[in-house]
2 protein chains.
Amino acid sequence: MAKLSDVAALAGVSVTTVSRVINNYGSLSEKTKQKVFAAMRDLNYQPNSLARSLQGKQTKLIGLIFPGVSHPFFGELVQDLEDQLFKHGYRVILCNASAGDAEKERDYVRMLQANQVDGIIAGAHNMPVPEYQKINAPLISFDRYLGDNIPIVSSDNYAGARLATSALLDTGARDVWVLTGANRPGNPTNDRLRGYQDVMAEKGLTPHAVEIPFSTAPEVKWATIKRMLSSHVPEGVFATDDMTAIMVMQIARTLGIQIPQQLRVIGYDGTVLTRNYYPELATIVQPITAISSLMIDLLMQRIKDADAQLEARYVLPVRPYAARSLLGE
Amino acid sequence: MAKLSDVAALAGVSVTTVSRVINNYGSLSEKTKQKVFAAMRDLNYQPNSLARSLQGKQTKLIGLIFPGVSHPFFGELVQDLEDQLFKHGYRVILCNASAGDAEKERDYVRMLQANQVDGIIAGAHNMPVPEYQKINAPLISFDRYLGDNIPIVSSDNYAGARLATSALLDTGARDVWVLTGANRPGNPTNDRLRGYQDVMAEKGLTPHAVEIPFSTAPEVKWATIKRMLSSHVPEGVFATDDMTAIMVMQIARTLGIQIPQQLRVIGYDGTVLTRNYYPELATIVQPITAISSLMIDLLMQRIKDADAQLEARYVLPVRPYAARSLLGE
DNA sequence: TTGAAAGCGCTAACAT
DNA sequence: ATGTTAGCGCTTTCAA
């Protein structure tokens, strides 16, 4: 692989000059530029980004720490982040930190720290918060509390949950349950749960919450929901993510429960996938594109200036989708 | 961030010695080792992987080029690859090369080439094959012909398609159609199409193929399928991917077509997602875990020895899933 | 068993 | 407008 000095030799100039034309700074004569460009082409020269970064420059790499990309919501979010970061000239290191695997997450953070990325966007938190606080790379969090000076971007979980619950109640349902993920402190789930609880309380209705941790194996999840529906069929269910909502509907169908006559289901996330391949599912849409732009925007600010003053929380609006299907179209 | 020389100073030894204990080679006295370890701990030392790689070492980075992670199949595949690569001590650079975006793919390949990754696994090919041939990094392909010395790993598309088509015919259906992705040369789709065609021919039946490129916007796809089903309802449809199969079923439902009595649908891919959230869908399961292990295995061989002699094609067995649901359970 | 010193490929003062 | 040169943090001969 050709290097800077090879180009310099072929073009008959010094390495500095070549470096200058590559980085386009200082004063260069047009003639020199052309000579250098020609030499670069001839040698099919590619700058060694390692050497460049070592010099103190940026690595142009961003670490993305999420629970994984096999879940449609995170798949879409990560894809969007990658797309937009690419346009900003950054590449992405993908770090899947499946729920519960604190060790892997820790490993990743350590590696990313070791001078390898210009910034981190994290949407997993198996690691204790204090360890996150120690990270000195620019860091933006998705939907989770990671530490005091770490901005959180999220959709309006509380409003979304209120919207979902109200949509259910609007159909006349009164016996409305919620199916949430793990109810850990700092988890977005909490706001969704609160939104549900508040609406129920305001209407003087009794809340019922069933907790199914995010990492639960699908088979177990299936069994849990089946058991629940077998013992009692609520009039409405608010599942705090679409996949769970879909599962509720599938199971209801196998149990011969009429949807939406007997049971109305609403989800949360509203990915492109569910909207297109499961359009009858009522849900609350998270603005994925807005979320990723904003996170990248904030990250870029922190990269430019490590002390950039940012808000602690950025809450993006959600919108309901297919709520009318709760009424049977 | 502490560096090697800081550790050396604190431990009262030379940088060479510190380097030796880090890389564990040469002869070290136990006492020196302990001193150095202590110093490393004290300073919370992290080796700078950039500097290390610059030295000619590996970067321990693998580039993953796929159409994107928002599609469940690729999401699961990429997640699996990342998981396994992590265990091998590699991190992953995620490169989404959406169908049609040859420019981005080209950019990525150029970057990855520039001394940044130890190897590449590619499952997208918007770029012309000749450009792939030029890549001199170790390279393994998923399901696509990329060049003569580039091993291809894939599921048994031909057998899978035969299986799917036969399952449809076994229900008594005769008017069986296929819905394929873009029929480009070197695309896996072709083998699936061939499998379908061969089975139909063997039974003396007329094949009908409808082509819907992978990158088609969901809305357009929806309209296309709806138009097709509105003008004529086949007895069976083999969709060469699950998402399309699901869409066919959804649309059939809205059109009041009885499934499976009037129309039987079978897909391809059999991701964890579809199997768990759409269990009534008959499909052909690609062995994702086996695919990723094998690809990584081959890649590791090529990384160790650039000239490792590998087969041109590795075809992994598929298995049918929920075929009985075609008969109405 | 340990250390000095020469790079890896590049950038950026500091000359000229 | 262009060149010389000293590093960036690390590994690795070669010597002691």
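By convention in this document, chain letters (A, B, ...) are assigned in the order of the sequence lines, proteins followed by strands, and residues within each chain are numbered from 1. Atom set for the values below is all heavy atoms of this structure, side chains included, hydrogens, waters and symmetry mates excluded.
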| message | For a quick check of understanding: with a heavy-atom distance under 4.0 Å over all strands, which category does L28(B) fall into, base, sugar-phosphate or nothing? | response | sugar-phosphate
| request: Answer yes or no: does a side-chain N or O of N23(B) lie under 4.0 Å from OP1 or OP2 of dT11(D)? | output: yes
| task | Compare side-chain N and O positions of Y45(A) against OP1 and OP2 of dC10(C) and report whether any pair is under 4.0 Å apart. | result | yes
| Side chain of Q55(B): nearest nucleotide among dC10(C), dT12(D), dC8(C)? | dC8(C)
| request: Report yes or no: is there a donor-acceptor pair, N or O only, under 3.5 Å between the side chain of T16(A) and the base of dT4(D)? | output: yes
| So which nucleotide from dG9(C), dC10(D), dA4(C) ends up closest to the side chain of A51(A)? | dG9(C)
| query | Could K104(A) and D83(B) be called an ion pair, given the rule that one side-chain N must be under 4.0 Å from one carboxylate O? | reply | yes
| R20(B), nearest nucleotide to its side chain (from dT2(C), dT2(D), dG9(C)) | dT2(C)
| query | Looking only at side-chain N and O atoms, does T32(B) come under 4.0 Å of OP1 or OP2 in dT1(C)? | reply | no
| field | D6(B) bridged to K3(B) by N-O distance under 4.0 Å | value | no
| query | When you check the phosphate oxygens OP1 and OP2 of dT11(D), does a side-chain N or O of S19(B) lie under 4.0 Å from one of them? | reply | yes
| query | Does T17(B) make a side-chain N or O approach to OP1 or OP2 of dG3(C) shorter than 4.0 Å? | reply | yes
| field | Selection from dT1(C), dT11(D), dG9(D) that lies nearest to any side-chain heavy atom of S29(B) | value | dT1(C)
